[in-house]
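The next block holds one structure in the form of structure tokens; read it before the comments.
Computed from heavy atoms alone, side chains included, the values below leave out hydrogens, waters and symmetry copies.
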Amino acid sequence: IDGNPSIELLPPYTLSLKPESLDGSTQADKEASFDQRLSQEARYCFNLNSERLLRIRLFEVAPQDYRLTLNVHHIISDGWSLGLIVKELSHAYSQLSGAKGIELPPLSIQYGDYAHWLRNEAQNQENQQGLSFWLDNLKGSVPLELPADYPRRAGGKFKSLSAEICLDEEMTSQLNRVASTNNASLFMVLLAGLNLLMARLTGQHDFCIGAPVANRPNQDCEQLIGMFMNTVVFRMQVGGDENFITQLQRVKQTTLDAYAHQDVPFERIVDGLGIERDTTRTPIFQIFVNMLNFPFHDLEMAGVGIEVCE
């Protein structure tokens, strides 16, 4: 309104969910058709101006096999929220199957309350001190130059591939033992190993790595569905002859310091550092480490066998 952002609260609405048939006459054809629909859904572009940012579809693969897809825009949800959605979906289905109305526990706050609190926090002295920590910590940092086969393209082309590596149970147990012995977390152990690898590959011994944080400052926020996630930056220092345990202790202190100041929005840090935006790369860091360990509730529905597909 008059050039300023404003909030428009949309009224509740009822979603009509009808099973969609899939192409093909055999089970294999229908599975292939479902995979194609799922891929299309994953690439769907939401219209932020006129469209609700939650899409739900139900596909009939076989007479007793239905697939439910939920496509939620990141601007209204995060990884933690997905666990809440699954929990509430299970609860609602159980109540409806018992011929009851849906009753969810009341929320003590709404997302608007959190947004108001966040705006106020940006002005208080403690938050300003947090911003000063980041500006001092990241001053003079140099982007990590990853070795590549081809020069970086100009312009915003983000087509990419992925590689999957599976750590077996024995390796995972060994990593957990290293973490426990050194009073560290598994994330810290993995991050220390990544640092040593990056230092060897690039020849750089001072670089930054980004990571997401849930950023839910109190228990009231833990029950809200919304976009709370923030990004923290770890400025990593790797000595030329440093062994793994020494690097792990350094990583432990670096991450704890970063988490202590995680409530400062990443965009404020970028603006404070005066970094010129470049659509071909992320500001400050070129590696983002995401360890998915947020709570995810089991999906249970009375009389229905459930399997979560990824």
Side-chain angles (χ1 to χ4, degrees), residues 4-9 48 53-54 72-89 91 104-138 179 183-188 190-191 208-236 251-273 275 282-285 287-297:
N4 296 313
S6 61
I7 297 176
E8 179 185 3
L9 298 179
L48 300 181
L53 304 182
L54 168 64
V72 190
H73 196 286
H74 215 334
I75 200 173
I76 63 168
S77 180
D78 55 18
W80 187 289
S81 298
L82 293 180
L84 297 176
I85 292 173
V86 168
K87 178 182 177 181
E88 294 190 1
L89 181 61
H91 182 75
L104 297 173
L107 297 172
S108 56
I109 64 172
Q110 296 289 336
Y111 192 84
D113 300 317
Y114 166 74
H116 178 73
W117 172 84
L118 195 62
R119 284 196 300 270
N120 291 335
E121 280 291 295
Q123 306 302 322
N124 68 32
Q125 183 177 0
E126 184 176 348
N127 197 271
Q128 292 296 328
Q129 292 173 348
L131 179 60
S132 296
F133 162 82
W134 287 112
L135 299 184
D136 292 341
N137 181 263
L138 299 175
N183 196 26
S185 67
L186 178 59
F187 176 78
M188 295 173 183
L190 297 174
L191 191 57
C208 295
I209 291 179
V213 287
N215 195 35
R216 294 179 182 247
N218 54 56
Q219 291 185 343
D220 292 332
C221 292
E222 291 180 0
Q223 300 306 314
L224 287 178
I225 294 173
M227 176 56 182
F228 290 83
M229 189 195 81
N230 192 24
T231 298
V232 294
V233 182
F234 306 126
R235 184 167 186 177
M236 298 305 182
V251 165
K252 178 180 176 182
Q253 188 59 53
T254 299
T255 54
L256 291 176
D257 288 344
Y259 291 145
H261 301 87
Q262 64 176 282
D263 55 337
V264 181
F266 177 68
E267 56 269 21
R268 289 194 65 204
I269 300 172
V270 175
D271 291 341
L273 290 171
I275 297 176
T282 304
I284 305 178
F285 59 85
I287 293 180
F288 190 73
V289 179
N290 188 6
M291 186 170 180
L292 303 177
N293 58 354
F294 42 76
F296 197 84
H297 301 272

Return the orientation label for the [X] and [Y] ring planes: parallel under 30°, perpendicular over 60°, tilted otherwise.
X	Y	result
F228	Y114	tilted
F187	Y259	tilted
F133	H261	parallel

Sequence neighbours left out, what passes salt bridge (Lys or Arg N to Asp or Glu O under 4.0 Å) with D271? Give chain and number order.
R277
Heavy-atom closest contact (V251 atom, M236 atom, distance):
CG2-SD, 4.3 Å
Measure across I269 and V264 and return the closest heavy-atom pair with its distance rounded to 0.1 Å.
CG1-CG1, 4.0 Å
Taking only residues two or more places apart in sequence or in another chain, which ones pass side chain to side chain donor-acceptor pair (under 3.5 Å) with [X]?
X	value
D220	S108
D257	Q253
N120	H116
S81	D78, R216

Determine whether T231 and F285 satisfy the following criterion, side-chain contact (heavy atoms from CB on, under 4.5 Å), listing intermediate values before the conclusion.
CA-CA 11 Å; T231 298; F285 59 85; 3.8 Å; yes
Pairwise side-chain contact, [X] with [Y], heavy-atom cut-off 4.5 Å (strictly under):
X	Y	result
V232	W134	yes
D263	N230	no
L138	C208	yes
W80	M229	no

Which distance, rounded to the nearest 0.5 Å, do you find between the [atom1] of [X] and the [atom2] of [Y]?
X	Y	atom1	atom2	value
L118	N215	CG	CG	7.5 Å
I76	L54	CD1	CG	6.0 Å
Q129	D136	CD	CG	11.5 Å
R268	L131	CZ	CG	5.0 Å
L104	Q223	CG	CD	11.0 Å
I109	L224	CD1	CG	5.0 Å

Donor-acceptor check, side chain of [X] to backbone of [Y], threshold 3.5 angstrom: yes or no?
X	Y	answer
S77	H73	no
T255	K252	yes
N290	P212	no

Flag yes if more than 12 heavy atoms outside I75 fall under 6.0 Å of its CD1 atom; otherwise flag no.
no
Residues in side chain to side chain contact (heavy atoms under 4.5 Å, CB included) contact with I275, at least two apart in sequence or another chain:
V270, L273, P283, I284
Determine, step by step, whether F288 and T282 satisfy the side-chain contact (heavy atoms from CB on, under 4.5 Å) criterion, reporting the C-alpha distance in whole Å, the side-chain angles of both residues, the deciding distance to 0.1 Å, and the verdict.
CA-CA 10 Å; F288 190 73; T282 304; over 6 Å; no
